[in-house]
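Note on naming: letters A, B, ... go to the chains in the order of the sequence lines (proteins, then strands), and numbering restarts at 1 for each one. This one's a predicted model, so the numbers in the text were calculated from it and none came from an experiment.
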Number of protein chains: 2
Amino acid sequence: MNTILDVASQAGVSAMTVSRYFNQPDMLAPATHRKVRAAIEKLKYVPNAAARSLVNGCTNAIALILSDITNSFYTTVARGVEDRAQQHGYALILGNSDESLEKERRYLDVLISRRVDGVLISSAPGNDHHLDMLHHHGIPVVLIDRTVEEIDTDAVWGDTFTGALHLTGHLVEQGFRDIVLVGGWPGVSSLEERQAGYLRAMKEASLVPHVYPGRTSRQSGEEITEQLFEKNLLPQAIIAANNHVAVGVLVSLRRHGLRVPEDMAVACFDDIEIAAQINPFLTVVAQPAYEMGSLAMDLLLERMQGFDGPSRHCALPTKMIVRCSSLAPGA
Amino acid sequence: MNTILDVASQAGVSAMTVSRYFNQPDMLAPATHRKVRAAIEKLKYVPNAAARSLVNGCTNAIALILSDITNSFYTTVARGVEDRAQQHGYALILGNSDESLEKERRYLDVLISRRVDGVLISSAPGNDHHLDMLHHHGIPVVLIDRTVEEIDTDAVWGDTFTGALHLTGHLVEQGFRDIVLVGGWPGVSSLEERQAGYLRAMKEASLVPHVYPGRTSRQSGEEITEQLFEKNLLPQAIIAANNHVAVGVLVSLRRHGLRVPEDMAVACFDDIEIAAQINPFLTVVAQPAYEMGSLAMDLLLERMQGFDGPSRHCALPTKMIVRCSSLAPGA
DNA sequence: CTGAAAGCGCTAACAT
DNA sequence: ATGTTAGCGCTTTCAG
């Protein structure tokens with residue numbers, strides 16, 4: 001592997017001149033520039049980023065930690081982040097934490113070791129103060145989708161509280177009275193907000209709320225719905241805490257031969273765009289996932305460029321998309 | 001930011017002893033071990049990976065370049081890669097190339113500069129010989145999903161040729177005679193294979209094939225289908241080159257009021273699992289995406305560990321999943 | 001078992 | 001406009 005010295009001697013100049021070719025090209029005499037250029041091409045030289053970051057203290061790398069890239073919501077967030085990162089010359093390191101604080105902590109350790117310039121994270125429930133480590137090492141952080149108790153830093157999330165208000169209101173309008181919330185996990189701020197919005201709306205409609213907490217997985221949605229069947233607690237409408245939970249609910253309902261929305265109304269948070277394109281069926285509160293990613297990256301960029309103001313909190317507006325699954329049987 | 005020297009002086013030992021604490025802990029006397037440990041914790045010291053890689057020549061980072069993480073097929077591939085990478089202590093750098101050779105080339109440059117230990121790539125159509133750069137710099141590469149002409153290296157892909165044979169055969173069995181292939185992009189090996197399988201099956205059935213090439217996007221599928229309407233070339237069955245194309249086809253058909261499969265049969269390559277769970281509708285040839293990712297990572301790991309044998313080519317079996325969209329009207 | 005010296009590849013700061 | 005020196009934080013090598 002060629003080094004800057006190889007290029008220097010090949011071009012008959014000093015290492016500094018080669019370094020300047022990359023960093024301050026205007027400083028070189030045209031003839032020198034050409035000589036260096038020729039040497040670089042001949043040797044196919046590419047500067048070593050590790051050596052560079054060792055001296056200038058930044059790595060031009062950022063990291064995105066989320067629970068599971070496989071959830072289309074996070075996929076889109078990731079795309080928003082990556083596009084912006086790429087535009088600004090940052091490499092993106094990706095990590096799936098699977099809602100495990102333990103895994104998340106291990107990742108953060110690696111990221112600190114790599115001295116990434118910034119971190120975007122949708123943190124697992126609970127607060128270990130493991131995020132403090134980033135702060136201690138001077139690595140800026142932007143929270144995505146979820147805030148974390150006691151952690152005051154930049155954050156971007158979807159205003160699902162309002163979304164929950166609208167969604168619950170919509171179901172009430174459709175004439176449903178027994179509306180339940182499935183999934184929703186204590187400690188995850190975004191889910192707690194959905195729950196709060198649901199509770200508020202139910203109260204305002206003078207209806208009795210029922211929350212069945214669980215993980216945000218398809219499996220969890222399925223299990224909870226199965227239990228509703230077992231315990232004979234089937235409501236008129238189910239709000240799923242996220243898209244995957246909704247899928248589990250639908251799978252369970254289908255297994256029992258219930259039709260949606262004829263026999264049961266269903267709606268959820270987070271759109272599943274591709275499914276909606278194939279068949280506009282599921283009513284959802286959609287979040288602007290791509291914008292969430294790119295905005296979070298923008299906030300991070302500002303921090304990495306030295307912005308030192310108070311932390312910023314951006315609640316992005318959500319959008320309720322009414323499709324078939326939530327309509328009143330008679331509609 | 002504390003360095004190894006800070007820890008050393010804090011612990012009253014030399015830097016080498018601290019280094020050994022991390023790299024050859026058994027070599028330290030128990031008492032020394034404890035002293036170092038205390039110093040590290042007190043200072044919250046985390047070794048600098050850049051400095052380390054500068055001397056030992058490896059970064060413990062690998063990269064995954066694919067066209068668009070937003071396609072659920074690639075998302076799942078990425079998850080397979082990341083899980084395996086994580087298990088082996090490698091950080092994963094992610095890049096979306098959007099089928100642009102230019103963007104891909106820029107990424108590779110960055111990766112070479114970062115001296116990643118290996119690259120997994122689903123390369124854009126065309127061969128710039130830009131992949132040669134990786135080889136020149138001694139960075140092992142594993143191709144995912146697509147092979148590249150003239151590039152002889154490890155590769156993992158889905159056997160969609162056989163998949164196309166089966167899928168076309170299935171449609172023929174259902175009684176369709178006018179079956180067309182929509183999408184499929186010259187230069188993308190995986191799509192060429194699908195086309196080859198389709199052509200072979202049509203020939204064997206003594207049917208006349210029709211291929212309408214295009215990009216592998218929803219938009220492309222939509223446009224091509226619109227043209228079929230305009231030119232009055234509507235067939236009895238449409239095979240879409242991938243999942244996104246299929247979505248475009250379905251959108252277009254719906255716009256024109258055609259029902260699937262009553263008025264038109266549709267099938268495609270690559271499953272859309274979440275949509276299938278909501279409503280098992282679309283007949284597909286599914287590829288083992290997660291395994292593709294983890295297997296590719298395994299091959300890469302072997303290379304990074306020094307394996308120097310001839311290049312390995314793994315064609316993973318695909319699975320046809322017959323759902324409603326491809327059934328004969330009378331069925 | 002522990003330490004000192006040298007160097008990985010690059011650039012900031014100071015010459016010339 | 002270009003070169004020299006020193007050092008970024010760590011580990012390899014060789015001594016002790």
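Other residues, nucleotides and ligands contribute only 12 or fewer heavy atoms inside 6.0 Å of the CD atom of B:Glu149.
The distance from atom CE of A:Met27 to atom P of C:dA13 is 12 Å, rounded to the nearest whole Å. Summarising the geometry, the separation between OH on A:Tyr21 and C1' on C:dC10 is reported as 17 Å, rounded to the nearest angstrom. One interatomic measurement links the two molecules: CD1 of B:Ile112 to P of C:dG9, which rounds to 16 Å at whole-angstrom precision.
Within the 4.0 Å cut-off from OP1 or OP2 of C:dA4, not a single side-chain nitrogen or oxygen of B:Ser14 is found.
Between B:Asp109 and B:Arg105 there is no salt bridge, since no side-chain nitrogen of the basic residue lies less than 4.0 Å from a carboxylate oxygen of the acidic one.
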| task | Apply the test side-chain contact (heavy atoms from CB on, under 4.5 Å) to residues B:Asn96 and B:Tyr74: give CA-CA distance (whole Å), side-chain angles for both, the deciding distance (0.1 Å), then the verdict. | result | CA-CA 10 Å; B:Asn96 298 104; B:Tyr74 288 120; over 6 Å; no
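You'll find the side chain of B:Val142 stays beyond 4.5 Å of the side chain of B:Thr153, heavy atoms only.
Taking CG from A:Leu94 and CG from B:Leu94, the interatomic distance works out to 6.0 Å, rounded to the nearest 0.5 Å. Atom CG of A:Asp132 and atom NZ of B:Lys44 lie 7.5 Å apart (nearest 0.5 Å).
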| said: Strictly under 4.0 angstrom, non-hydrogen atoms only: write out the protein contact profile of nucleotides 8-16 of chain D, one letter per nucleotide from the 5' end, B, S or -. | reply: BBBBBB---
